[in-house]
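Per chain, numbering begins at 1; letters A, B, ... match sequence-line order. All figures in this text were calculated on a predicted structure; none of them were measured in a lab.
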Amino acid sequence: MTFIRLIAQEIAQVIRDRYNIAPEPLKIGTPPNAALGDMAVECFPLAKQLKTAPTVIAAELATHMAASTPPPAGEDRLIEKATAAGPYLNLTLNTRAYFDYTCRRLFTAPPFALDPDAPPPPRVMVEYLSPNTNKPLHLGHLRNGALGMAVANLQTAAGARVTKANLINDRGVHICKSMLAWQRWGKGETPDSRGVKGDAFVGDWYVRFSREAEKDPSLEDGAQAMLRRWEEGDAETRDTWQMMNRWVYAGFAETYAKLGLTFDAVYYESDTYTLGKQMVEDGLARNVFIRDENGNIVFTLPQDRFGLDEKGAPKRITVLRPDGTSLYVTQDIGTTVKKVTEHRLDRCIFVVGSEQQFHFHCLFAILEALGYAWARSCHHLSYGMVYLPEGKMKSREGKVVDADDLVARMTELASEEIRSRDTEAQLSDAEVSERAAKIGTGAIKFYLLRVKPTQDIHFDPKESISFDGFTGPYCQYAYARICGIVLKAREMGVDEAKADHTTLGNDEERLLAGQLVRFPETVRKAAAEHNPSLVATFLFDTAKLFNQFYNRHSVIRADSAACQNDRLSLTAATARVLKKGLHLLNIETLERM
RNA sequence: GCCCCCGUAGCUCAGUGGAUAGAGCAAUGGAUUCCUAAUCCAUGUGCCGCAGGUCCGAUUCCUGCCGGGGGCACCA
């Protein structure tokens, strides 16, 4: 049971005592300043329920609590004092119970510890990244990857059994373009012979194709012809395709490793693109689909959710062409059913940009019409675009922020920063690059996750990404600083296991505890809403509250041994929260910075 | 035309049906004999896009409008 729920429970009991009603779920907030108390109960919902002014209720509850019999000696009540302030009931918590919970029990309840009574965990697939194999990853993929990993981690924390999937778009005319350009102008070069990453190598040929095709439009026909040869299984075409894809995968693997992107299942569109046709045929036989006047098999979109078209007729989408060739949605029908069946999924989360919202609305409506009950728990995690100052990124023109370049640049910046404070040059090159990698990628991931997914991001490469303020490194730094304190304090014999938390209670300590105690609810909410930015802002606030505490109070130089132990205990609890939270965002922690 | 997202401080963004709407950046000044100054403290600005409606109370919910972005299948 989380701390906030314990508080709510205690208040609910008081309300039952006083009014003989079962209150609606209570909202526990924080008073505007620490002097008022640790937590606040809003009495507005009760006012509605009891048909009494909220100010009267707050006052009556405060009086009732003051008059009630204290618990037996040696047993702590959570709420020590309750004061009415207008429509609010402000609570001052029992110091010992408050900090004991914060420091000792925060991770003993869901979402961090399994509830023995919980039903079996749902099986959830998070599908993310979904790169094309004709070019390297760019900033948009970084946002997708950061979101996918964080959402998967949050689902796991919330008790799900998660499978992370990557559906690689390894076929199609865009890949043929890279192949064609390489065949025509590549002179047998390879990534090795040119000394570049395989994905960058293939991407260069894609850009080259686009440039050449502007001068010579017949190249487009050449790419189409190559796609036909690919579909016919032409050996030479397939060989080239496999070789170039292998180069790309080798490049991707390096990028994944740098960013900590991992997958439990990989699907290739070359395997799945013919799926779904049979399901469409079956659906046609069951009248889920109809054949239109042009011979297309079409699906009529439910009017209640999709409205009507400009002519006032129900909207339709084609799910299979007259010649039996499939479409985007055809293969997604097949692929989704395959994934759900293979992994016995209860839910599917698709991390894909907002420009594909219509597609997923259609896909889910079709799956539902086909009779799949799980279709209702499919979710398209739609996120906003990443813009550059000059507008939308365009791979064709090479107008993108390359993922590897950005990682390299941020890592280099971090590295300079580390060296500038390593004045005695004691750090080895290996140590510097290890720290720089964690800080550089941490900055990027935090930057991409700190805004809610629906928000577009305007990325300014000139300003780049900062290490100060609302950033990943700020949170990492607070953690590293704590590690320094813990190390030093332990050397001095300070022992948080001996803490009884009775010496704590100044404003900074209370505010910090009030923050830490809300971590489980924050994680739960972030998981439920698929919104990692809630965790990012929470971590920043936590680090900030810690820094404020740090600035005014010393652990090592505390007045008494008891206080040293208590403060070390609170400090260590903060470290656990920061570490867990950063890991949820797939950001690494460092013990020294 | 229809659908989705966004509109809050100079900039980038949080936020909530309820206490005085907050952070970061940028600017200015200050703090280190002391646990890491990638830190902390102080100083300012807001018709919360506009107009209605619901409500005891709306920046938050509803409707309409304005502005920006994305999408509207037979490309993926």
Side-chain angles (χ1 to χ4, degrees), chain A residues 27 29 31-33 36 40 42-45 47-48 53-54 85-88 90 130 132 169 171-174 269 273 294 296 298-299 301 305-310 315-322 325 327-332 353-359 361-362 382-385 387 391-392 414 417-418 420-421 439 447 450-460 463 466-471 473-474 476-478 480-489 492 494 533-534 536-537 540-541 543-544 546-558 564 567-568 571 592-593:
Chain A
K27 206 172 149 194
N33 66 68
L36 291 170
E42 291 178 11
C43 297
F44 300 103
K48 213 158 260 173
Y88 297 89
N90 289 327
S130 314
N132 291 355
N169 183 5
R171 62 164 285 281
V173 73
H174 44 292
E269 228 179 80
Y273 83 109
N294 302 320
N296 292 312
V298 298
F299 178 68
L301 297 167
R305 270 174 285 166
F306 291 85
L308 301 171
D309 66 14
E310 56 272 22
K315 291 180 184 169
R316 291 168 165 188
I317 59 164
T318 303
V319 292
L320 199 61
R321 292 194 190 97
T325 55
L327 296 156
Y328 183 31
V329 73
T330 321
Q331 25 173 317
D332 259 7
S354 60
E355 71 272 17
Q356 295 203 27
Q357 265 189 77
F358 182 70
H359 169 73
H361 276 156
C362 293
S382 160
Y383 62 90
M385 319 230 72
Y387 292 98
K392 197 178 173 179
E417 186 79 32
I418 293 163
S420 75
R421 52 194 74 225
I439 296 166
Y447 176 82
R450 68 183 195 172
V451 300
K452 57 177 176 266
T454 50
Q455 185 83 26
D456 289 339
I457 292 179
H458 295 267
F459 179 80
D460 187 343
E463 285 181 17
S466 158
F467 295 157
D468 301 318
F470 184 20
T471 66
Y474 178 93
Q476 287 173 318
Y477 180 68
R481 208 179 214 183
I482 291 174
C483 290
I485 296 172
V486 170
L487 198 68
K488 189 149 186 178
M492 293 169 59
V494 182
S533 79
L534 297 176
T537 49
F540 174 66
D541 291 341
K544 194 174 155 83
F546 175 77
N547 282 331
Q548 286 167 340
F549 159 75
Y550 171 90
N551 207 256
R552 294 192 56 173
H553 309 284
S554 178
V555 175
I556 287 168
R557 255 163 282 277
Q564 287 180 325
R567 285 189 180 157
L568 184 62
T571 299
R592 315 276 309 165
M593 263 175 86

**Q.** K315(A) side, atom NZ; L308(A) side, atom CG - distance, nearest 0.5 Å
**A.** 8.0 Å

Q: Describe the nucleic acid contact of V451(A) in one word from base, sugar-phosphate, nothing, applying a heavy-atom distance below 4.0 Å.
A: sugar-phosphate

Q: Give a yes/no answer on whether the side chain of K452(A) brings an N or O atom under 4.0 Å of OP1 or OP2 in A14(B).
A: yes

Q. Is there side-chain contact between Y328(A) and Y273(A), with at least one heavy-atom pair below 4.5 Å?
A. no

Q. Can you find a donor-acceptor N/O pair under 3.5 angstrom joining the side chain of D332(A) to the base of A76(B)?
A. no

Q: Starting from P on A73(B), measure out to CG on L320(A) and report it in whole angstrom.
A: 18 Å

Q) How far, in whole Å, is U45(B) from G53(B) if one measures between their C1' atoms? A) 32 Å

**Q.** F44(A) ring over G18(B) six-membered base ring, under 5.5 Å and 30°
**A.** yes

**Q.** Inter-nucleotide C1' distance (C50(B), A26(B)), Å rounded
**A.** 30 Å

Q: For nucleotides A58(B) and A51(B), find the distance between their C1' atoms and express it as a whole number of Å.
A: 14 Å

(Q) With a 3.5 Å limit on both atom pairs, tell me what C40(B) is paired to, counting Watson-Crick and G-U wobble, or say none. (A) G30(B)

Q) On RNA chain B, nearest-nucleotide positions of E42(A) versus D468(A): which is more 5'? A) E42(A)

Q.
Is there, by distance only and without an angle test, a donor paired with an acceptor across the side chain of R421(A) and the base of A37(B) below 3.5 Å?
A. no

Q | Pairwise side-chain contact, R305(A) with H361(A), heavy-atom cut-off 4.5 Å (strictly under) | A | no

Q: Using atom CG of L308(A) as one end and atom C1' of A73(B) as the other, report the distance to the nearest whole Å.
A: 17 Å

Q | Phosphate-side-chain proximity, Y477(A) and C40(B), N/O vs OP1/OP2 below 4.0 Å | A | no

Q. When you check the side-chain N and O atoms of N547(A) and R481(A), is any donor under 3.5 Å from an acceptor?
A. yes

Q: Both distances under 3.5 Å, Watson-Crick or G-U wobble: report the partner of G67(B), or none.
A: C6(B)

Q: Rounded off to whole Å, could you give me the CZ-to-C1' distance for the F546(A) and A38(B) pair?
A: 14 Å

Q | Assigned partner base of C47(B), Watson-Crick or wobble definition, under 3.5 Å | A | none

(Q) Counting C-beta onward and ignoring hydrogens, is there a side-chain heavy-atom pair between I482(A) and Y550(A) closer than 4.5 Å? (A) no

(Q) Rounding to an integer number of Å, can you tell me how far Q356(A) CD sits from G70(B) C1'? (A) 12 Å

**Q.** U8(B) and U59(B), which share atom name C1', separated by this distance in whole Å
**A.** 8 Å

Q | P gap between G46(B) and C61(B), integer Å | A | 24 Å

Q. To the nearest Å, how far apart are N551(A) CG and G30(B) P?
A. 17 Å

Q. In Å and rounded to the nearest 0.5 Å, what is the OH to CD1 distance from Y477(A) to I439(A)?
A. 11.0 Å

Q | Along RNA chain B (nearest heavy atom to each residue), the more 5'-positioned of N90(A) and Q357(A) | A | Q357(A)

Q.
Working to the nearest 0.5 angstrom, can you tell me the gap between E269(A) CD and S130(A) OG?
A. 9.0 Å

**Q.** Identified pairing partner of C74(B), criterion: Watson-Crick or G-U wobble below 3.5 Å
**A.** none

Q.
Using whole Å, what does the distance between atom C1' of nucleotide G70(B) and atom NE2 of H359(A) come to?
A. 16 Å

Q) K27(A) side chain N/O closer than 4.0 Å to the phosphate oxygens (OP1, OP2) of U16(B)? A) no

Q) Quick one: I485(A) CD1 to U39(B) C1', roughly how many Å, whole number? A) 11 Å

(Q) When the P atoms of U12(B) and C72(B) are compared, how many Å lie between them, rounded to an integer? (A) 28 Å

Q) Using atom P of each nucleotide, how far apart are C62(B) and U16(B) to the nearest Å? A) 15 Å

(Q) Under 4.0 Å from OP1 or OP2 of A37(B): is there any side-chain N or O of Y550(A) that close? (A) yes

**Q.** Pairwise C1' distance, C40(B) and U32(B) [rounded to whole Å]
**A.** 10 Å

(Q) Rounded to whole Å, please give me the gap between CG in D541(A) and P in U16(B). (A) 13 Å

Q | Nucleotide opposite G22(B) in a Watson-Crick or G-U pair, distances under 3.5 Å | A | C13(B)

